[in-house]
Amino acid sequence: MKIRKCLFPAAGYGTRFLPVTKAMPKEMLPILTKPLIQYGVEEAVEAGMNTMAIITGRGKRAIEDHFDISYELENQIKGTSKEHLLKEIRSLITKCTFTYTRQVEMRGLGDAILKGQALIGREPFGVILADDLCINPGGDGVLKQMIALNEKYRCSVVAIMEVPEDQVYKYGVIEGKEMEENVFRVTNMVEKPDASEAPSNLAIIGRYILTPDVFDAIKQTKPGKNGEIQITDALLHLANTGMVLAYKFDGKRFDCGSVEGYVEATNHLHSLEEKKK
Ligand code: G1P
């Protein structure tokens, strides 16, 4: 079955970016002239998806307005030299349908994904955490690479990268057996371990292809790290009862949930734009 739907958990507060995120969703922070979530939607469309399922929360309405027509603005700039500035987003909107539901209480990423069940139904789907910005200039996007693996092995896939040992506490960390180059069969995964307890330095980043049985696994998952329902714990259950793959992707990932990563992404994408000129 072709994967058509992509889930965007976007209910979080973005406290690391206060005060800017007081009245503005963190997913709307710009990298150059595009908001973070638009990069995610573009990656999903490139991977062949056409339905964006967005888990929002209070104060996130700017996301819905962004993926809509702005009649007044568009009328104003029609026929002027600025019209082309909206071309890309307008074309993106015509390529997909956007659906939304709210996560009413913040109970963790697993819970946010479970809220998406109503939008996803019983089919495999992608997940993008928009504050992880991934690029792979000249090659396939990360989600597209992962879909190819899902098509081959028909199971859930998480994207991973090597991180320094003193950084593992920020991530879900996997342990696995390498089955083919850069593809690991997961044997263990731990959410945000201390460096001393981490099974490896292979950290999960914000890209997942999930099979729909993940919803039942989440329902059975008890609160874990920080008292939250963790997707990492639900996926460990799927790994123990079936198969989950971890994939060391081609490309570059920026942690735009941190000010440092955000600035790095901005500088990197700016230098790529400059080179194009
Ligand atoms: C979430 C996941 C974690 C993963 C990370 C990637 O954590 O729980 O396993 O490594 O995303 O960005 P968060 O950063 O939302 O706390």
Side-chain angles (χ1 to χ4, degrees), residues 6-17 21 25-27 29 36-37 39-40 43 54-57 60 103 105-116 126-135 142-143 146 156-176 184 186 188-195 197-210 214 217-218 221-239 244-249 251-262 264-265:
C6 191
L7 194 69
F8 292 79
Y13 297 124
T15 46
R16 276 187 282 173
F17 276 89
T21 45
K26 64 173 172 155
E27 295 76 14
L29 286 171
L36 275 171
I37 194 161
Y39 288 92
E43 187 183 327
I54 304 184
I55 310 298
T56 64
K60 299 278 187 169
Q103 186 185 18
E105 284 174 287
M106 302 300 139
R107 290 198 184 129
L109 181 57
D111 180 63
I113 291 174
L114 183 57
K115 289 287 170 297
V127 176
I128 290 185
L129 307 185
D131 49 15
D132 275 345
L133 176 60
C134 293
I135 59 166
V142 176
L143 216 55
M146 294 168 76
S156 294
V157 185
V158 300
I160 50 165
M161 63 184 267
E162 282 181 40
V163 298
E165 255 170 52
D166 63 355
Q167 298 292 305
V168 288
Y169 73 94
K170 294 182 183 167
Y171 300 92
V173 177
I174 72 117
E175 182 175 4
F184 298 77
V186 172
N188 192 12
M189 59 205 313
V190 189
E191 179 67 10
K192 302 195 175 90
D194 292 339
E197 283 159 17
S200 75
N201 67 339
L202 297 173
I204 302 168
I205 62 117
R207 297 292 180 279
Y208 305 77
I209 300 291
L210 300 177
V214 76
I218 298 171
T221 299
K222 304 227 155 55
K225 191 85 187 179
N226 302 328
E228 296 179 334
I229 307 284
Q230 299 293 350
I231 189 65
T232 306
D233 296 340
L235 284 171
L236 177 59
H237 177 73
L238 292 188
V244 172
L245 297 178
Y247 169 58
K248 225 166 133 213
F249 60 93
K252 216 170 156 41
R253 169 261 187 185
F254 299 94
D255 173 15
C256 295
S258 76
V259 175
E260 203 183 28
Y262 177 79
E264 199 192 326

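Source: prediction; values computed, not measured. In listed order, ligands and their atoms are each counted from 1.
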Contact atoms of ligand 1, heavy-atom distance to [X] under 4.0 Å:
X	result
L129	11 (O)
Q230	8 (O)
Y171	10 (O)

Are [X] and [Y] side-chain neighbours, meaning at least one heavy-atom pair lies under 4.5 Å?
X	Y	value
C256	L29	no
R253	M161	yes
V214	I231	yes
D131	D255	no

K192 near ligand 1 by a heavy-atom separation under 4.0 Å: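 The answer is yes, since K192 has a heavy atom less than 4.0 Å from ligand 1.
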
Provide, to 0.1 Å, the distance between [atom] and the closest protein heavy atom, together with that atom's residue and name.
atom	answer
atom 6 (C) of ligand 1	I204 O, 3.4 Å
atom 12 (O) of ligand 1	D132 OD2, 2.9 Å
atom 1 (C) of ligand 1	L109 CD2, 3.9 Å

Flag: protein heavy atom within less than 4.0 Å of atom 10 (O) of ligand 1: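 It does; a protein heavy atom is within 4.0 Å.
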
Any protein heavy atom < 4.0 Å from atom 14 (O) of ligand 1: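 Protein heavy atom within 4.0 Å of atom 14 (O) of ligand 1: absent.
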
Heavy-atom donor-acceptor pair, R16 side chain to G257 backbone, under 3.5 Å: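 Yes, the answer is positive, given that a donor and an acceptor are paired below the 3.5 Å cut-off.
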
Per atom 8 (O) of ligand 1, closest listed option by heavy atom (E191, M189, E228): E191

Distance (rounded to the nearest 0.5 Å) between E162 CD and S200 OG: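 So the gap between those two atoms works out to 8.5 Å.
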
Mode of D255 contact toward ligand 1 - side chain, backbone, both, neither (heavy atoms, under 4.0 Å): neither

Proximity of Y247 and F184 rings by center, below 6.0 Å: no

